Amino acid sequence: MNAARFGRLAVFGATVALAVPVVAQANEVTKWNAIAVNTMLAPTQPGFTSGAPAAGVLTAMVQGAVYGAVNATDRHGRPYLVMRSFPKASPDAAAATAAFRVLDALFPAQHATFQAQYDASLAGIAAGAAKESGIEVGTMAAEAMLAQGHDGRQVMPCVFGAGAGAWQPLPGSTVGTFLCDPTPWVANAVPFIVQSSSQFRTTGPYALTSPEYAADLNEIKQLGSLTSTTRTPEQTHIAVFWQSNPTGNYNALARRFVDEQGLNVSQSALLFAMIDLTAADAIINAWNDKYYWHFWRPMAAIRGAGTDDNPATVADPNWKPLFDPSLDPLIGGVGPALVTPPYPDQPSGATSYASATMHAFQSFFGTDNMTFYLTSSRFPGEHLNFTHFSDVINQVVEARIWAGIHFRRADVAAANLGREVERYTLTQQFAFVH
């Protein structure tokens with residue numbers, strides 16, 4: 001399929017989603033995407049693997065390898081990982097092999113499970129030269145991905161500052177312990193398409209003495225309080241809804257799009273590569289930015305407002321955000337108690353992830369207008385409905401403020417960061433789509 005025709009199909013797919021869904025077309029790309037995401041988010045995985053930033057990076061490793069392999073079988077886009085073309089190779093065998101080999105390397109303790117799933121995939125592909133060639137190209141793509149060094153998972157010490165404006169971790173449940181970021185390694189992870197983990201540096205937080213900072217603080221002090229009288233019950237519910245791992249949510253949405261619109265293997269591989277590689281590069285840059293600015297969270301800022309030298313802020317030493325362990329479980333939904341995340345404020349990781357992903361969806365489909373829903377692990381079975389990809393970004397920005405965990409500045413900067421990363425990845429790797 002040539003690039004121009006693929007672009008037309010992508011745009012056409014948007015009109016299909018708004019009409020009647022076609023019959024589901026499961027393929028090896030969606031099958032292994034579900035396996036990968038379920039692996040990342042399994043309750044038994046340690047935090048430095050299952051946390052949102054880590055899950056985003058590791059999922060991108062799988063989907064990048066799958067795309068590199070499938071793209072080599074029909075060369076519908078710019079080469080990625082595999083520079084040779086394999087026009088007679090089976091794209092299904094290529095996709096299954098690439099995903100299997102990356103996952104097997106990342107999670108060796110689960111080899112037996114992956115092997116059984118891989119054997120089942122191969123059993124459904126007709127024997128012959130195409131199958132063998134697909135296995136070869138899938139192996140090449142996986143090996144190339146693993147050689148790039150994106151996976152830097154490790155337990156790292158908690159690094160924090162002191163004084164007004166500096167991020168400090170929250171106390172742990174045991175005296176003398178702290179709640180620390182399980183994924184600080186993401187800040188220095190090797191990006192996939194962008195040039196460096198600091199390429200998209202934001203301009204940083206407002207100065208503590210500025211009127212803009214005071215406005216942000218006073219807004220969240222009111223809207224994000226556990227006992228807020230201005231935040232509506234709907235806003236409270238939405239804030240909690242979004243405290244769900246975006247890797248699972250956005251990849252599930254992509255799988256639904258594949259099914260609803262009958263995307264083939266090549267189209268599926270491209271869609272997942274666009275959303276996951278872009279999201280991973282955005283989250284890497286966001287995490288690097290967090291530790292560059294090292295800015296305090298709203299709870300610390302509001303409790304310590306007397307130290308910021310800003311006459312327009314007033315300290316409240318007892319202030320609690322909506323995301324506090326004392327929140328009624330009937331409001332907080334399923335899962336662990338909600339807390340202020342244990343890493344710096346600027347920029348918002350969730351918003352950068354949402355922005356990068358939703359802009360990638362826009363680029364793939366050639367439109368912002370789509371009818372779809374998203375889910376949350378906090379409220380199983382519940383759907384939030386949308387008619388525009390941009391609506392997701394806007395809602396996440398507000399949700400983090402309603403939750404009491406991010407200044408507006410951090411969310412707006414993150415939304416801009418995600419958009420800029422997506423523009424770069426589209427130009428550098430996926431510009432042929434339209």
Side-chain angles (χ1 to χ4, degrees), residues 40-58 106 150-190 197-198 202 204-205 220 224 226 242-247 280 282-304 307 319-327 332 335-353 377 400 403-407 410-411 413-414:
M40 311 299 169
L41 304 186
T44 55
Q45 294 291 0
F48 59 82
T49 292
S50 61
V57 172
L58 301 181
L106 294 178
H150 303 287
D151 177 19
R153 285 176 293 170
Q154 56 185 302
V155 177
M156 299 175 66
C158 198
V159 179
F160 51 94
W167 174 76
Q168 296 185 34
L170 296 171
S173 56
T174 304
V175 176
T177 64
F178 299 95
L179 296 177
C180 290
D181 184 357
T183 59
W185 61 269
V186 172
N188 297 306
V190 176
S197 60
S198 60
T202 70
I220 199 168
L226 177 65
W242 282 110
Q243 193 60 16
S244 183
N245 197 308
T247 300
I283 206 70
I284 288 170
N285 270 252
W287 238 249
N288 188 280
D289 213 47
K290 280 181 179 291
Y291 285 100
Y292 180 83
W293 297 112
H294 233 262
F295 197 62
W296 59 4
R297 289 273 184 165
M299 183 166 67
I302 293 168
R303 291 179 176 182
T307 65
W319 188 87
K320 293 181 179 180
L322 172 65
F323 281 12
D324 184 82
S326 63
L327 179 65
L338 294 166
V339 297
T340 290
Y343 30 80
D345 175 67
Q346 168 98 14
S348 162
T351 309
S352 64
Y353 203 131
S377 61
R400 311 311 273 177
I405 60 174
H406 274 303
F407 291 111
D411 279 303

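Quantities reported herein were computed from a predicted structural model and do not represent experimental measurements.
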Which heavy atom of [X] sits nearest to which heavy atom of [Y], and what is that distance?
{"X": "P325", "Y": "A337", "value": "CA-CB, 4.0 Å"}
{"X": "Q243", "Y": "L338", "value": "CG-CD2, 3.4 Å"}
{"X": "Y291", "Y": "A187", "value": "CD1-CB, 4.1 Å"}
{"X": "G47", "Y": "P182", "value": "C-CB, 3.8 Å"}
{"X": "F48", "Y": "R153", "value": "O-CG, 3.5 Å"}

Can you find a pair of side-chain heavy atoms, one from [X] and one from [Y], that are under 4.5 Å apart?
{"X": "L226", "Y": "P321", "result": "no"}
{"X": "T247", "Y": "Y353", "result": "yes"}
{"X": "Q346", "Y": "P205", "result": "yes"}
{"X": "T183", "Y": "V186", "result": "yes"}
{"X": "W296", "Y": "Q168", "result": "no"}
{"X": "S377", "Y": "S244", "result": "yes"}
{"X": "I405", "Y": "V339", "result": "no"}
{"X": "D345", "Y": "K290", "result": "no"}

Between [Y] and [X], do the side chains contain a donor N or O and an acceptor N or O under 3.5 Å apart?
{"X": "W287", "Y": "D181", "value": "yes"}
{"X": "T202", "Y": "D289", "value": "yes"}
{"X": "R400", "Y": "T351", "value": "no"}

- Examine distances only and state if a side-chain atom of R297 and a backbone atom of P169 form a donor-acceptor pair shorter than 3.5 Å. no
- Message: Tell me if a side-chain donor or acceptor on H294 pairs with a main-chain N or O of A166 at a distance below 3.5 Å.
- Response: no
Would you give the length of the straight line joining atom [atom1] of [X] to atom [atom2] of [Y], rounded to the nearest 0.5 angstrom?
{"X": "T49", "Y": "L106", "atom1": "OG1", "atom2": "CG", "answer": "8.5 Å"}
{"X": "S197", "Y": "I283", "atom1": "OG", "atom2": "CD1", "answer": "13.0 Å"}
{"X": "L58", "Y": "L41", "atom1": "CG", "atom2": "CG", "answer": "10.5 Å"}
{"X": "D324", "Y": "T340", "atom1": "CG", "atom2": "OG1", "answer": "8.0 Å"}
{"X": "S348", "Y": "D411", "atom1": "OG", "atom2": "CG", "answer": "4.5 Å"}
{"X": "W293", "Y": "N288", "atom1": "CH2", "atom2": "CG", "answer": "11.5 Å"}

- Query: Taking the inter-plane angle between the rings of F295 and F407 on a 0 to 90° scale, is it parallel (under 30°), tilted (30 to 60°) or perpendicular (over 60°)?
  - Reply: tilted
- Task: Start with the C-alpha distance between I302 and I220, add both sets of side-chain angles, then the distance that settles side chain to side chain contact (heavy atoms under 4.5 Å, CB included), and finish with yes or no.
- Result: CA-CA 9 Å; I302 293 168; I220 199 168; 4.1 Å; yes
